[in-house]
Amino acid sequence: MDWKSLTFSYTKTNTMLCTYFRNGEWTPVESRTDDTIALSAFAGALHYSIECFEGLKAFMGKDGKVRLFRPEENAKRLRRSAKFLGIEAPSVEMFVQMCEQIVKENLDFLPPYESRASLYLRPTLIGCNPQLGVASSSESMFMVLCSPVGAYTGGNLEPVNCVIARNYDRAAPNGTGSHKVGGNYACSLCSLNIAHEQGYKAVLYLNPSTRDTIDEFNSSNFFAIKGNSYITPLSDTILPSITNKSLEEAARYLGMTVERRPVPVEELSTFEEVGECGTAVVITPVSHLDDKPTLESDEVTRYTYVEEGCGPKSLKLYNFITSIQYGEIEDPFGWTVEVKM
Ligand code: PLP
Ligand code: COI
């Protein structure tokens with residue numbers, strides 16, 4: 001494999017793992033070489049979006065050890081999403097055990113340390129029994145899939161241009177915004193497609209209740225740097241990002257102040273650095289952010305942060321967190337879980 005040219009796209013690996021919750025228990029975990037699944041055409045996942053998922057990465061360390069980053073956090077978040085959908089989810093222990101198993105079965109797809117790439121894991125939970133009425137599914141199917149991945153957009157730390165979607169929302173107040181359900185991503189596609197046509201890499205959504213505070217990007221959380229502060233939105237309609245939570249802890253550890261609070265759009269002009277953060281994007285600096293009355297409008301207010309490269313504080317945080325992930329420095333927080341061979 002040409003590890004250096006990996007992007008965030010699907011590569012078929014050796015196996016996927018699969019188990020069903022039926023009659024009050026999980027079936028034994030099956031390891032399948034085929035990446036297709038047989039499903040009733042009436043499965044709740046297909047009609048009523050009874051689906052939630054997670055994303056986490058396995059890293060080949062400098063010391064030859066393989067590490068997962070905070071898998072218990074993903075397990076807990078999946079259980080929270082599943083509770084919202086009213087379907088059965090695996091225990092934290094079962095989730096982590098299956099993540100370790102998929103890594104071991106696909107070690108030849110784990111990018112080498114030098115590549116700065118990783119093996120992305122996609123635990124996916126769907127309602128799978130045939131049903132017609134709108135109701136939570138009584139049977140669940142839990143899969144753990146994987147694919148080697150590189151940078152989400154462009155190269156690592158390559159800045160992206162983004163646009164605010166003032167006339168599109170991704171989440172409803174009191175709705176699914178804080179859960180990692182597939183439907184949220186479907187809701188983002190129309191605005192994302194318009195933004196892509198205009199050459200933007202990502203869309204920034206506003207809080208759907210206030211309409212003048214920042215929520216998050218289509219596939220990542222928002223953070224900004226002002227002086228010595230790491231600032232990130234407080235909102236009920238954003239995904240509680242595990243990367244963002246880790247960056248907050250990292251920022252404090254590195255002597256920065258952390259502010260999690262509502263972030264008004266007007267404050268954008270006062271930030272020194274702005275970035276996306278998440279498992280897939282890691283830290284991706286934002287070069288400039290365009291604010292338009294509507295996504296379709298030609299009228300633009302532009303906030304510029306970097307022309308190229310990454311701002312110094314974002315870079316410091318990126319280096320710190322990736323050094324822990326790749327086993328280059330001690331993990332002072334106990335975030336990583338070693339996959340023992
Ligand atoms: N926000 C959205 C909408 C996402 O899809 C993701 C990706 O998982 C994140 C934020 C970042 O979350 P995490 O850091 O847990 O990957
Ligand atoms: C992740 O960062 O793991 C995500 O789930 C983002 C994704 C939708 C590409």
Side-chain angles (χ1 to χ4, degrees), residues 6-11 49 51-59 68-81 95 99 117-125 143-154 156 160 162 165 168-172 175-189 191-192 195-196 201-208 214-223 230 232-251 260 275-284 286 317-318 321-322 324-325 335-336:
L6 276 176
T7 58
F8 195 85
S9 56
Y10 174 57
T11 302
S49 295
E51 189 268 357
C52 53
F53 67 97
E54 278 302 323
L56 69 160
K57 284 174 172 170
F59 302 89
L68 288 169
F69 190 68
R70 309 191 79 174
E72 297 94 349
E73 294 294 322
N74 293 90
K76 287 188 232 158
R77 193 170 62 186
L78 185 82
R79 290 182 61 77
R80 184 171 166 268
S81 302
F95 179 103
C99 288
S118 57
L119 185 69
Y120 184 78
L121 309 193
R122 175 51 67 84
T124 306
L125 183 70
M143 295 166 272
V144 181
L145 320 170
C146 68
S147 175
V149 296
Y152 191 66
T153 39
N156 290 335
V160 291
C162 305
Y168 292 87
D169 291 326
R170 110 179 231 292
T176 54
S178 75
H179 299 281
K180 201 162 172 65
V181 296
N184 286 342
Y185 297 83
C187 284
S188 72
L189 290 176
S191 45
L192 188 59
H196 281 166
K201 296 280 192 221
V203 172
L204 180 60
Y205 296 95
L206 298 183
N207 182 289
I214 290 162
D215 255 5
E216 66 172 332
F217 295 99
N218 50 284
S219 59
S220 57
N221 271 185
F222 171 100
F223 76 90
Y230 176 92
T232 195
L234 177 70
S235 164
D236 290 339
T237 39
I238 64 177
L239 190 76
S241 157
I242 296 158
T243 312
N244 199 1
K245 182 168 137 175
S246 308
L247 288 171
E248 286 178 312
E249 287 180 58
R260 188 178 274 267
E276 292 188 65
C277 64
T279 299
V281 302
V282 195
I283 279 184
T284 298
V286 169
L317 287 166
Y318 176 91
I321 207 141
T322 55
I324 291 175
Q325 292 170 333
W335 284 336
T336 54

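Every value quoted in this text rests on a predicted model; they were computed, and no experiment measured them. Atoms within a ligand are numbered from 1 in the order they appear, just like the ligands themselves.
When all heavy atoms of Gly150 and Ala117 are compared, the pair lying nearest together is CA-CB, 4.3 Å. Pairing each heavy atom of Tyr230 with each of Leu247, the nearest pair is OH-CB, 3.4 Å.
Between Lys76 and Glu73 there is a salt bridge, since at least one side-chain N of the basic residue sits less than 4.0 Å from a carboxylate O of the acidic one.
When side chains are defined from C-beta on, Arg170 does not count as touching Asp215, because their heavy atoms never get closer than 4.5 Å.
A donor-acceptor pair under 3.5 Å is absent between the side-chain atoms of Thr176 and the main chain of Ala172, judged by distance alone.
Around ligand 2 you find Phe8, Phe53, Gly55, Tyr120, Arg122, Tyr152, Lys180, Tyr185, Ser219, Thr279, Ala280, each with a heavy-atom distance below 4.0 Å.
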*asked:* If you apply the rule side chain to side chain contact (heavy atoms under 4.5 Å, CB included), what do you find for Leu68 with Leu121, and how did you get there?
replied: CA-CA 10 Å; Leu68 288 169; Leu121 309 193; 3.7 Å; yes

*asked:* If you apply the rule side chain to side chain contact (heavy atoms under 4.5 Å, CB included), what do you find for Lys57 with Gln325, and how did you get there?
replied: CA-CA 9 Å; Lys57 284 174 172 170; Gln325 292 170 333; over 6 Å; no

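A side-chain N or O of Ser191 and one of Tyr205 form a donor-acceptor pair less than 3.5 Å apart.
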Provide, line by line, the atom pairs where ligand 1 and the protein bring an N/O atom each to a distance under 3.5 Å; else say none.
{"from": "ligand 1", "atom 1": "1 (N)", "to": "Glu216", "atom 2": "OE1", "distance (Å)": "2.5"}
{"from": "ligand 1", "atom 1": "5 (O)", "to": "Lys180", "atom 2": "NZ", "distance (Å)": "3.4"}
{"from": "ligand 1", "atom 1": "5 (O)", "to": "Tyr185", "atom 2": "OH", "distance (Å)": "2.5"}
{"from": "ligand 1", "atom 1": "8 (O)", "to": "Lys180", "atom 2": "NZ", "distance (Å)": "2.8"}
{"from": "ligand 1", "atom 1": "12 (O)", "to": "Ser241", "atom 2": "OG", "distance (Å)": "3.4"}
{"from": "ligand 1", "atom 1": "14 (O)", "to": "Ser241", "atom 2": "OG", "distance (Å)": "2.6"}
{"from": "ligand 1", "atom 1": "14 (O)", "to": "Ile242", "atom 2": "N", "distance (Å)": "3.3"}
{"from": "ligand 1", "atom 1": "14 (O)", "to": "Thr243", "atom 2": "N", "distance (Å)": "2.9"}
{"from": "ligand 1", "atom 1": "14 (O)", "to": "Thr243", "atom 2": "OG1", "distance (Å)": "2.6"}
{"from": "ligand 1", "atom 1": "15 (O)", "to": "Arg77", "atom 2": "NH1", "distance (Å)": "2.7"}
{"from": "ligand 1", "atom 1": "15 (O)", "to": "Arg77", "atom 2": "NH2", "distance (Å)": "3.1"}
{"from": "ligand 1", "atom 1": "15 (O)", "to": "Ile242", "atom 2": "N", "distance (Å)": "2.8"}
{"from": "ligand 1", "atom 1": "16 (O)", "to": "Thr279", "atom 2": "N", "distance (Å)": "3.0"}
{"from": "ligand 1", "atom 1": "16 (O)", "to": "Thr279", "atom 2": "OG1", "distance (Å)": "2.6"}

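In summary, the aromatic rings of Phe59 and Phe69 are positioned with their centroids too far apart to meet the 6.0 Å limit.
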